There are 2 protein chains.
Amino acid sequence: MPPARPRLSDVAALAGVSQKTVSNVINDYPHVTERTRLKVEAALRELNYRVNIPARSLASGRTGFIALAVPSLDNPYFSELAVHVMAAAAAYRWTVLIEQTGGSPDAETLVVDGAMPYLVDGIVLHLRSLTPADLRNRSDSTPLVLIGEKTPHHIADYVAGDSVQAAYDLTTHLLRTGRTRVAVIGIERDTRFATSTLRFEGYRRALADAGIDVRDDYVVPVERFQRENGAIAMGSLLALPEPPDAVLCFNDLLALGALSHLNTVGVAVPRDVALAGFDDIDESAYSSPPLTTIAWDTKAIAERAVALLAERLSGDSDSPPREISVDYTVVQRQSTTLS
Amino acid sequence: MPPARPRLSDVAALAGVSQKTVSNVINDYPHVTERTRLKVEAALRELNYRVNIPARSLASGRTGFIALAVPSLDNPYFSELAVHVMAAAAAYRWTVLIEQTGGSPDAETLVVDGAMPYLVDGIVLHLRSLTPADLRNRSDSTPLVLIGEKTPHHIADYVAGDSVQAAYDLTTHLLRTGRTRVAVIGIERDTRFATSTLRFEGYRRALADAGIDVRDDYVVPVERFQRENGAIAMGSLLALPEPPDAVLCFNDLLALGALSHLNTVGVAVPRDVALAGFDDIDESAYSSPPLTTIAWDTKAIAERAVALLAERLSGDSDSPPREISVDYTVVQRQSTTLS
DNA sequence: ATGAAAGCGCTAACAG
DNA sequence: CTGTTAGCGCTTTCAT
C-alpha cells in the first residue's frame, strides 16, 4: 500500500499554518511573509506535495485545460500545429487536450457544443465542414476560437489565413513560369468544406485574370486529403488526352502523393509537370524535388488563437467576434522552378 | 449571462427522483427500473445535462485521463502512434493527454514521478533517455507502461519490439543485396539512449556474422533524429574517400533526409547507395524511391500498452512487471532493391 | 430498487 | 497578512 497522496491540510499541519496560507503560497498570492513562505515551501517539498487538479477545478471553476480539435492528428500539418498550440498554451499554464474530428459535421458539432468527455476552459477548433449557420445558437458558452479558413459571416472569433488569395498567388506563380494547362487536385463534392471551395475560387480567379477557362477535366475531386488520393488523382490527369503541365494541389499531402506518382511513372518534375501544394509541412522541403507550397504562419495562428481565448477568459465575453488574419508566403522550390 | 450548467440535483428534481438514482442511470448501474431509467433519461435530455468531470474525479478518485508521453509530437512516428493510442484508449472511455518530453531525462523523470500539471489514471511513456536504474524508486504509484525499446532489467511493464533483431535483419538484407560497405547514421553520444545503442548492436552483429568489420568512418553520430540531420550526415559520408554503398539510418526521418541529399547531388538510389530506415512512417511509402524500413506493429503497441494499464487499474498492482514483445516486418521497397 | 448523508481536496469570501 | 467557514458537483457508503 503506497503512502497516501499528501493533502493541503497535511502540508498546513507540518508547516504550522492554516490551509489557506499554503494555498496562498501555491497560488503565488502576493501578500505572504517571506518567512511563512519559506516554511510552507519546505513542507511542500518534504511531503512532495502536488495539487489535486480535479479538486482545484471543482472549487475554482477553472480546469486548466483547453481543447484543440483538428480533423486528424496524423496529418503532419495538424501535428505541427498542435505542437505550436501546446507551446502557446504553456505560456498561460494551460494543458492542451487534442481531439480528432475527422472533419465530420457531427464530430465538429459535438466539439462546439462542449460535448466532449471532459471539461475545458476554452476550445480551439480547426473547422472543416461546419458552416457559420451551424455555429449559431450553440448550446455551450465555452469560449471558442476557430482556425482554418476565413469564414464569411462572423459569429465566433477566428484566426486564419486567406486561402483565396493564397490560391490566387500560387496559381499565378504557376502561370508566370510559363504553364498554360494548370489542373487542380482537391475539390470536394460537399461544398460545405470551405478549404477546397476557397482554394478553388482563388485558382479560378487567377485563371480568369490570365484569360484562361477552367477545364472540367482539369478539376479532380478527392475523397480525402491524403497522399494516396493525390497519387490516384495524378494518375487520372496523366491519362487525359492532353495532360496538364502544372498541377495545383489543395494541400501538401496531395501534392506529395501526386509527386510520388509522377516519379514512379517517370514524368519529370518540373520539366513536364510543375507541382504546388499548401501548408508547407516539414516533409515538403525534403521531397524530390522539394515542393513549392503556401507556408502559413502556423506559429502565429497558434499564438493568436490561444491569446484570443485568454482574452475571452479574462472577462471579455461580450465584445463582438474578432477576426484575425495571418500571413502566408509562397515558398518557391524546385517542383515549379528550376531556379 | 448564460444559463447555469445543470447539475445532478436539477435533473433529479425534474425527474422526481433522488440524485443517486440519476447517478445510477448515468453510470449504467444495473438495478434501475426500466420506467425510472426512461424518466431520468428524458430529464437528462431535456436539460442537456453533462457530467462535471472534475467533480466526478474528485469524488471517485478516477480522472478518466491517461497520459501519453512521447519525445515530440511533430515526429510522424509519434503522431501516428498517438492516433493509435487514442483509439485504444477510447475503448476504455479514457481521454489521452499528450505530453512531449523532448527525450530529455529531466522531462522523462517528471513524467514517471507524476509531476505533470494534471492528474491521470495511468501513463504510457515512450522512453528515450531514462535507464532502468532511473526508474527504481519512483515517487509515484500511477500505473506506468513503457514503450519504445526493450529494456534489460524489468522494473516496469513495457511493450516494445526488438530493435537489435530488427537492425540485424535490416543490415542483413542490405548485405544480401550485394552491398559490402554499409554505413550507419544515427549514433548518439549519450549511451543512455537505448534506441541508437540497440540498433547499432544489431548492425554490428550482422556485419560480424558476415565477417565484416565496423569502420569508424562509416558510423555517423547525430544530434537529433530529424530529416536535416540525415541530410548532413549523408553529406559527410559522400565526402569520404571511399563512400559507402549502403546506409542504415536509425529512423525514417534520418533516411528521408539522407535520401533528399542523395537526390539533390545526383547520387542514384539504390544503384549507387542503398538506403534503409526504421518505423515505416506514412511518408516512407511515397518517397522517391520509396524507403525500405522496419514496420513495427504500432497499433498492437498502442493496444497492448493501454490494455496493460487497464489491468493494473483493475486491481492488479502487485504482480511482477509484464514484458510484451511486438512484431515487426522488414518492408522492402525500392531504396534497397530494384525489385 | 431507491434515498439520505457524508465527504472527496481544494478555493472563495469574508473576518480578523 | 493569516485563519475560518462554506461549498464546488459528484460518488460512496449505508439505510431502507
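Below, all heavy atoms of this structure are taken into account, side chains as well, without hydrogens, waters or symmetry copies. The model shown is predicted, which means the values in this text are computed figures rather than measured ones.
Whole-Å rounding puts the A:L47 CG to C:dG9 P distance at 14 Å. For the pair A:R50 CZ and C:dC10 C1', the computed distance is 17 Å after rounding to whole Å. Atom P of nucleotide C:dG9 and atom OH of B:Y118 are separated by 21 Å, given to the nearest angstrom. Taking atom CZ on A:R7 and atom C1' on C:dG7, their separation rounds to 11 Å, with Å as the unit.
The salt bridge (charged side-chain N to carboxylate O under 4.0 Å, His left out) search around A:K299 returns A:E303, not counting sequence neighbours. For A:F225, the ring-ring contact (aromatic ring centres under 6.0 Å, His included) criterion is met by no residue, not counting sequence neighbours.
Checked by atom type, the side-chain pair B:T21/B:N24 shows no donor-acceptor distance below 3.5 Å. Between B:S9 and B:Q19, the side chains place no donor N or O within less than 3.5 Å of an acceptor N or O (distance only, hydrogens not considered). B:T131 and B:D134 share a side-chain donor-acceptor pair at under 3.5 Å. A:T142 and A:D140 are linked by a side-chain donor-acceptor pair at a separation below 3.5 angstrom, with hydrogens and angles left out of the test.
No donor-acceptor distance shorter than 3.5 angstrom exists from the side chain of A:T33 to the backbone of A:R35, with no hydrogens or angles considered. Judged by distance alone, with hydrogens and angles left aside, the side-chain atoms of A:R62 form no donor-acceptor pair with the main-chain N or O of A:R56 at under 3.5 Å.
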Would you give me the side-chain donor-acceptor pairs under 3.5 Å for residues 119-127 of chain B, sequence neighbours excluded?
{"unit_1": "B:D121", "atom_1": "OD1", "unit_2": "B:T63", "atom_2": "N", "d": "2.8"}
{"unit_1": "B:D121", "atom_1": "OD1", "unit_2": "B:T63", "atom_2": "OG1", "d": "3.1"}
{"unit_1": "B:D121", "atom_1": "OD2", "unit_2": "B:T63", "atom_2": "N", "d": "3.3"}
{"unit_1": "B:D121", "atom_1": "OD2", "unit_2": "B:G64", "atom_2": "N", "d": "2.8"}

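Contacts of residues 8-23 of chain A with DNA chain D (heavy atom under 4.0 Å): A:V17, A:S18, A:K20, A:T21. At a non-hydrogen distance threshold of 4.0 Å, A:N52, A:A55, A:R56, A:A59, A:S60 from residues 52-65 of chain A come into contact with DNA chain C.
A salt bridge (charged side-chain N to carboxylate O under 4.0 Å, His left out) with A:D157 holds for exactly one of A:R322, A:R312, A:R304; it is A:R312.
Close approach of DNA chain D to chain A, defined as any atom under 4.0 Å from a non-hydrogen atom of the protein, starts and stops at D:dC1 to D:dG9.
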